[in-house]
J.: 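The structure is given below, and queries will be raised subsequently.
Both backbone and side-chain heavy atoms feed into the values below; hydrogens, waters and symmetry mates do not. Chain letters run A, B, ... following the sequence lines, proteins first, then strands; residues in each count from 1.
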Amino acid sequence: MAALDEKPELGEAPEKGNEPKTLTIEAEICFKCGVCCVIRDHSCHAQHAIHFNPKHTYVYDCLGSGDPAGNSNIWLCVSCHKCEELCPYEVSPVHIIESLKAQSFEEGRAHPLIVGEIKQIVSTGYAFPLTGSSSRQREKLGLEALTQRSEEDLRRISEKTGLVAKLQRYEVEET
Amino acid sequence: MRFSLFLGCFIPVRLPHIEKVARSVLGEIGVELQDIGGFTCCPEPVGFHINDRLTATAIAARNIALAEEQGNDIITLCNGCTYVLKQVNEELKRDSELRDKVNEVLSETDHEYRGTIDVKHFAQVLNEDIGLDRLAKKVERPLSGLSVAGHTGCHILSPPDVMKFDDPYDPVVLDNMVAALGAEPADFSMKTICCGWTLTNYGERQSANQLVGAKLQAMEIAGSDCISVICPQCFYQFDTGQMMATRSLKLDLKLPVLFYLQLLGLSMGYSLEDVHYGMHRVKSQGFEEKVGRILA
């Protein structure tokens with residue numbers, strides 16, 4: 001095991017703003033005490049998924065997987081930070097899981113709902129489709145009708161950051 | 001006091017009656033709301049922000065820049081929007097290199113992030129800008145005898161050094177807000193566990209049902225008449241999610257959920273009809289009769 005204050009090798013530096021929020025070394029110092037998951041009233045909600053137990057916790061499932069960025073369970077994390085706050089060893093599993101999600105998205109392996117939501121946001125400005133039911137409810141309540149929001153600015157931002165190119169990779173795979 | 005109203009997506013698209021009540025109630029207690037047509041999704045924390053951080057940071061920075069141009073702090077109605085906008089605002093104020101990078105991206109639009117305003121959840125505005133003592137003076141019909149299970153939700157609690165709202169393991173602020181209306185905060189177990197929406201969304205629906213069912217049972221054991229929330233995602237999970245969970249688990253239980261601003265409205269003289277309770281999935285005759293007696 002590496003010394004606790006040793007910085008891990010990260011390879012080529014990622015672009016500013018897209019760095020992993022944490023370091024893989026943190027996963028290696030986790031000694032599987034389970035505190036982040038097994039305090040039923042206070043800890044990780046994903047631990048309540050029926051296939052996890054005190055000896056195979058949600059966090060260990062994410063950190064200990066053979067292909068962590070390909071483990072579909074990473075998408076169950078809600079980023080509530082409970083694991084980070086409860087960990088007695090400063091592992092911060094939430095940041096590791098978030099980095100795994102970002103890696104998965106980068107590699108074209110993100111959950112389809114995630115890809116769909118990102119496309120929805122950058123093309124309409126909303127995380128949800130504008131439905132007829134929503135329009136009728138708003139009209140009945142005397143609220144202004146919703147229209148697409150700032151889609152031209154969102155397109156320019158997404159092109160500049162490279163998001164459009166990443167999403168195009170998903171479209172190629174879909175076809 | 002004046003704020004730029006950041007509605008987000010969930011409320012205007014899926015829970016427009018909450019928007020209606022928020023505009024009305026906040027206006028009545030002296031919070032002037034200014035709309036900004038160009039606001040977009042915050043963007044959503046779990047689906048977007050952590051998966052492509054640079055784009056998400058730029059989109060959030062653009063939203064903040066629009067409010068800066070209007071000269072107002074932002075008021076939000078959603079824990080998730082607050083979580084993203086507050087974190088990005090703090091990060092960009094602290095990290096000049098990242099701010100320059102983000103402004104380079106924003107140069108493609110007509111906006112620039114300057115770092116001149118704050119982002120506040122409406123619950124923070126009620127506590128910090130108005131104050132619960134002054135809020136209590138707006139109460140015309142104290143909700144005496146109504147037991148309310150306050151579910152604060154995750155994203156306004158953590159990370160606590162950024163969100164600066166409440167203790168993630170012993171949250172009391174929402175309970176104090178409930179007490180300011182004359183109602184009784186219920187003390188229930190599993191209070192700080194997430195409502196479970198990522199379990200619902202990402203393939204663990206039955207586990208989500210069990211989690212929601214367990215939280216509802218804990219609230220019921222504590223004698224709650226209803227639930228109160230300050231986040232639309234939590235609202236949805238305890239309304240539509242409750243309907244699905246009780247059906248799936250065959251639980252004989254109905255605990256209506258009210259967005260806090262609906263509860264505030266009731267205490268200010270609104271009727272259940274005025275706060276559009278009829279648009280909720282979970283309704284309870286016992287709750288309606290009790291509220292009727294309190295408001296009579």
Side-chain angles (χ1 to χ4, degrees), chain A residues 15-19 21 40-46 48-50 72 75-82 84-85 98 101-102 104-106 110-111 113-114 117-118 121-122 125-131 134 137-138 141-143 146 149-154 156-163 166, chain B residues 9-10 12-14 16-17 19-20 37-41 43-48 50-55 57-59 62 83 97-98 101-102 104-106 108-109 111 154-155 157-159 168-169 189-199 201-204 206-207 210-211 214 276 279:
Chain A
E15 189 180 13
K16 181 72 182 170
N18 266 341
E19 309 95 324
K21 288 176 77 176
R40 182 176 179 272
D41 279 8
H42 292 287
S43 52
C44 172
H45 88 295
H48 290 254
I50 43 190
S72 62
W75 305 106
L76 299 177
C77 172
V78 75
S79 294
C80 69
H81 294 257
K82 294 286 193 290
E84 173 186 47
E85 292 157 0
E98 287 181 349
K101 289 181 178 181
S104 179
F105 181 67
E106 181 80 30
H111 193 292
L113 287 177
I114 297 288
E117 183 181 302
I118 292 175
I121 290 170
V122 296
Y126 291 91
F128 307 104
L130 304 180
T131 62
S134 165
Q137 281 188 14
R138 292 188 65 84
L141 290 161
L143 294 168
L146 301 177
R149 301 186 286 198
S150 309
E151 61 272 26
E152 181 58 24
D153 274 7
L154 293 173
R156 289 180 182 175
I157 289 171
S158 305
E159 279 184 356
K160 181 82 172 176
T161 61
L163 174 62
K166 284 184 202 170
Chain B
C9 304
F10 210 119
V13 177
R14 293 190 168 177
H17 68 292
E19 177 184 336
K20 181 77 176 178
F39 274 152
T40 65
C41 178
E44 198 268 301
V46 177
F48 198 149
I50 59 179
N51 298 316
D52 192 302
R53 286 182 60 225
L54 180 58
T55 311
T57 300
I59 292 173
R62 179 187 169 280
Y83 177 85
E97 193 185 341
L98 180 61
K101 174 75 183 170
V102 164
E104 186 191 331
V105 173
L106 290 188
E108 297 293 315
T109 69
H111 306 289
C154 313
H155 289 137
L157 293 174
S158 295
Y169 297 93
S189 64
M190 300 184 77
K191 188 176 182 180
T192 60
I193 293 264
C194 169
C195 63
W197 70 270
T198 51
L199 295 176
N201 275 15
Y202 299 110
E204 292 286 344
Q206 188 56 13
S207 299
Q210 290 180 4
L211 178 57
H276 305 286
M279 296 178 78

J.: Would you say B:R62 and A:S150 make side-chain contact, with heavy atoms under 4.5 Å?
T.: yes

J.: Between B:T198 (side chain only) and A:C77 (backbone N and O only), is there a donor and an acceptor less than 3.5 Å apart?
T.: no

J.: Measure distances from A:L76 to the heavy atoms of chain B and classify the residue's part below 4.5 Å as side chain, backbone, both or neither.
T.: both

J.: Between A:R40, A:K82, A:Q137, which shows the greatest number of heavy-atom pairs under 4.5 Å with chain B?
T.: A:K82

J.: Kindly give the heavy-atom pair with the smallest separation between A:L141 and B:H276, and that separation in Å.
T.: CD2-CE1, 3.4 Å

J.: Chain A heavy atoms under 4.5 Å from B:F10: which part of the residue, side chain, backbone, both or neither?
T.: both

J.: At what distance, to the nearest 0.5 angstrom, does CG of B:L211 lie from NE2 of A:H48?
T.: 5.5 Å

J.: Taking side chain as everything from C-beta outward and backbone as N, CA, C, O, which of these in A:I121 sits under 4.5 Å from a heavy atom of chain B? Side chain, backbone, both or neither.
T.: side chain

J.: Kindly indicate whether the side chain of A:I157, heavy atoms from C-beta on, has any atom under 4.5 Å from the side chain of B:L106.
T.: yes

J.: Residues in ring pair (Phe, Tyr, Trp, His ring centres under 6.0 Å) with B:Y202, at least two apart?
T.: A:H111

J.: Tell me, for B:Q206 versus chain A, whether the close heavy atoms (under 4.5 Å) come from the side chain, the backbone, both or neither.
T.: neither

J.: Select one option (side chain, backbone, both, neither) describing which atoms of B:E44 are under 4.5 Å from chain A's heavy atoms.
T.: both

J.: Testing the basics here: between A:L143 and B:P16, what is the closest heavy-atom pair and its distance to 0.1 Å?
T.: CD1-O, 3.4 Å

J.: Working to the nearest 0.5 angstrom, can you tell me the gap between A:T161 OG1 and B:R53 CZ?
T.: 13.0 Å

J.: Heavy atoms only: give me the nearest A:V78-B:C154 pair and the separation to one decimal.
T.: CG1-SG, 4.4 Å

J.: Where does B:H155 contact chain A at under 4.5 Å (heavy atoms): side chain, backbone, both or neither?
T.: side chain

J.: So which of A:K101, A:R138, A:E151 has the biggest tally of heavy-atom pairs under 4.5 Å with chain B?
T.: A:R138

J.: With only heavy atoms counted, which part of A:L163 is less than 4.5 Å from chain B, the side chain, the backbone, both or neither?
T.: both

J.: CG/B:D52 to CD/A:E106 distance, rounded to the nearest 0.5 angstrom?
T.: 7.5 Å

J.: Taking only residues two or more places apart in sequence, or in another chain, which ones meet A:S134 in a side chain to side chain donor-acceptor pair (under 3.5 Å)?
T.: none

J.: So, for A:H81 and B:Y83, which heavy atoms are closest and what is the spacing to 0.1 Å?
T.: NE2-OH, 2.8 Å

J.: Closest approach of A:A127 and B:C41, non-hydrogen atoms and distance?
T.: CB-SG, 4.0 Å

J.: Using modelled atom types only, decide if a donor and an acceptor are shared between the side chain of B:T40 and the backbone of A:R149 within a distance under 3.5 Å.
T.: no

